[in-house]
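Note that these values count all heavy atoms, side chains included, but never hydrogens, waters or copies made by symmetry. Just so it is clear, the structure is predicted and the values come from calculations on it, not from any experiment.
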Amino acid sequence: MATLNKEKLSPVLGKLVSGLYIVSLKSGDKEAGFLASWVQQAGFEPPMLTIAFNKERSSHLELLKESKNAVVNIMAKENSKTMSAFFKAPPEQGSIFDELDTKSAENGVPVLNDSLGYLECSYKDE
């Protein structure tokens, strides 16, 4: 097995596009949010995204399938206080968004006001 050369590998890995994303979901009274492991553009016409997240959070996928709506909040490193809310288990009562500064997107899903920007999305299962 070859030894990794960190001096050569680090500059290359540093060129990979990455970001910080919180995906917001809402269906009826139920709200949820999670830190997305990976978000990437998947198409231009129509515009599409691919979102990956932990398979242990299947309840989020079920909520997305139920509501068909989501918001991808694009976060900055400076948003660490907001993002930290999504590193722990959701509250037993209420919503994870109750303690955060939010507004509703046109599709009714919470938007984090301190995000750099956001994308309203609709789920399509193919």
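The hydrophobic clustering, which links ILVMFWY residues whose side-chain heavy atoms are closer than 4.5 Å, places Leu119 and Val111 apart. Put simply, Phe97 and Val109 are part of two different groups of oily side chains (I, L, V, M, F, W, Y) that touch within less than 4.5 Å, one to the next. Criterion: ILVMFWY side-chain heavy atoms under 4.5 Å apart, direct or through other members. Under it, Val39 and Phe34 are part of a common hydrophobic cluster.
Inter-residue side-chain proximity for Ile96 and Glu31 is flagged as unmet; no heavy-atom pair is nearer than 4.5 Å. Side-chain contact check for Leu112 versus Leu100: some heavy-atom pair is nearer than 4.5 Å. Within the 4.5 Å cutoff, side-chain heavy atoms of Pro110 are placed close to those of Lys26. Looking only at side-chain heavy atoms (C-beta outward), Cys121 and Leu49 come within less than 4.5 Å of each other. By the 4.5 Å heavy-atom criterion applied to side chains, Leu116 and Met75 are not counted as neighbours. With contacts defined as side-chain heavy-atom distances shorter than 4.5 Å, the pair Leu25/Glu66 does not qualify. Within the 4.5 Å cutoff, side-chain heavy atoms of Leu35 are placed close to those of Phe87. Taking the side chain as every heavy atom from C-beta outward, Asn107 and Val71 approach each other to under 4.5 Å.
Ser95 contributes atom OG, which lies 10.5 Å from atom CG of Asp29 (distance to the nearest 0.5 angstrom). Note that CG of Leu64 is 9.5 Å distant from CD of Glu62, once rounded to the nearest 0.5 Å. To the nearest 0.5 angstrom, Lys103 atom NZ is 5.5 Å from Asn113 atom CG. Here the CG-CD1 distance, from Leu20 to Ile74, works out to 10.5 Å after rounding to the nearest 0.5 Å. Atom OH of residue Tyr21 and atom CD1 of residue Ile51 lie 10.0 Å apart, to the nearest 0.5 angstrom. How far CG of Asn69 is from OG of Ser24: 11.5 Å, rounded to the nearest 0.5 Å.
The backbone N or O of Ser115 sits nowhere less than 3.5 Å from a side-chain atom of Asn73 that would complete a donor-acceptor pair. Of the possible polar contacts, one joining the Glu120 side chain to the Glu106 backbone as a donor-acceptor pair under 3.5 Å is found.
Looking only at atom types and distance, the side chain of Asp114 has a donor-acceptor partner in the side chain of Thr82 under 3.5 Å away.
Applying the 6.0 Å contact sphere to CD of Gln41 captures more than 12 heavy atoms from other residues, nucleotides or ligands.
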